[in-house]
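Residue numbers begin at 1 in each chain, while the letters A, B, ... track the order of the sequences. These numbers come from the heavy atoms of this one structure, side chains and all, not from hydrogens, waters or symmetry mates.
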Amino acid sequence: MRIATWNVNSLKARMPRVVDWVTRFNPSVLCIQETKMASDAFPHSDFEELGYESVHNGEGRWNGVAILSKVGLDDVSHGFNDGKPDDPDARIIWATCNGVRIASAYIPNGREVGHDHYHYKLEWLSRLRSHLELNNDPSENLAVLGDFNVAPEDRDVWDIKSFNGATHVSKPERDAFYEILDWGLVDSLRYQCPGEAGVYTFWDYRQGSFYKKMGMRIDFILPTVPMNEAMEIIVVDRNARKGEKPSDHAPVVADFSFS
DNA sequence: ATGGTGGCCTTGCCA
């Protein structure tokens with residue numbers, strides 16, 4: 001079972017790249033973030049032609065998350081089931097594919113430390129942890145995939161000194177990220193590459209960041225401990241950041257073999 | 001060189 005996540009930064013603008021990537025990598029499940037697309041505009045039929053069922057939680061101009069699957073797409077839900085008011089943004093969608101509970105998540109950016117949006121980000125991460133506690137079990141096959149907008153360690157950014165006082169690396173954000181892992185999820189790329197630095201999933205469009213290797217590792221595949229045991233390989237396809245009209249994020253893709 | 005890009009549509013805001 002091949003599972004992937006990709007923040008496409010507008011599915012409308014990225015559709016040719018997404019179709020090309022899906023055709024070549026043939027994932028069983030692809031989690032997409034930042035569709036920036038209204039619900040009625042989602043190209044379900046184009047994905048159906050490629051062999052995928054699809055579900056989308058969209059709002060239009062911003063955010064928007066989707067799951068494509070070749071291996072079933074059941075028990076779909078949007079947002080959090082935690083007894084609190086609905087999240088106003090379309091930032092997470094859940095489905096069960098081949099017996100694996102999957103989430104495609106786009107965590108708020110935060111904008112600036114101390115900004116209202118930063119507090120919303122911390123609250124959002126806390127709600128994700130609560131949702132998992134209330135609705136799931138860490139012994140099941142489950143994976144949260146997506147753009148977390150958090151770099152958990154200093155080596156997950158190109159130069160920590162450039163991030164003094166910045167979002168994505170602040171202690172409250174990192175603590176909130178590790179609170180989610182502490183429920184029973186594994187940073188699977190870090191697990192496979194415990195000694196690596198310079199493995200990134202995002203490079204800003206500005207400043208020629210990609211060519212200068214000024215990246216950040218902020219997109220993750222986070223399986224439960226038992227599911228992580230079934231992982232065979234995980235890679236970042238940084239080739240997807242090259243060429244014509246790339247997203248500013250690269251896909252992360254992992255293979256799992258369930259006995 | 002004190003800005004750089006890209007995407008959306010609210011031609012400013014967001015990342």
Closest approach of Glu232(A) to Gln192(A) (non-hydrogen atoms, all atoms of both residues): O-OE1, 4.0 Å
Ring pair (Phe, Tyr, Trp, His ring centres under 6.0 Å) partners of residues 14-33 of chain A, not counting sequence neighbours, each pair once: Trp6(A)-Trp21(A), Trp21(A)-Phe25(A)
Rounded P spacing from dG3(B) to dG7(B) in Å: 23 Å
Pairs flagged by ring pair (Phe, Tyr, Trp, His ring centres under 6.0 Å) wherever residues 232-258 of chain A is involved - sequence neighbours left out: Phe202(A)-His249(A)
Residues forming a side-chain contact (heavy atoms from CB on, under 4.5 Å) with Ala90(A), sequence neighbours excluded: Asn57(A), Glu59(A)
Apart from Val113(A) itself, residues in the same hydrophobic cluster as defined by side-chain heavy atoms under 4.5 Å: Tyr118(A), Leu122(A)
Nucleotide dT5(B), atom P - distance to CD of Glu244(A) in whole Å: 16 Å
Name each donor-acceptor pair under 3.5 Å that joins a side chain in residues 157-166 of chain A to protein atoms two or more places apart or in another chain, with its distance.
unit_1, atom_1, unit_2, atom_2, d
Asp159(A), OD1, Lys161(A), N, 3.2
Asp159(A), OD1, Lys161(A), NZ, 3.3
Asp159(A), OD2, Ser162(A), OG, 2.8

Pairwise P distance, dG12(B) and dG4(B) [rounded to whole Å]: 15 Å
Whole-angstrom distance between dG6(B) and dT11(B), as gauged at atom C1': 15 Å
Whole-angstrom distance between dA15(B) and dC9(B), as gauged at atom C1': 16 Å
Nucleic acid footprint by protein, nucleotides 8-15 of chain B - heavy-atom cut-off 4.0 Å, B for base, S for sugar-phosphate alone: B-B-BBSB
Span that lies between the P atom of dT2(B) and that of dC8(B), in whole angstrom: 30 Å
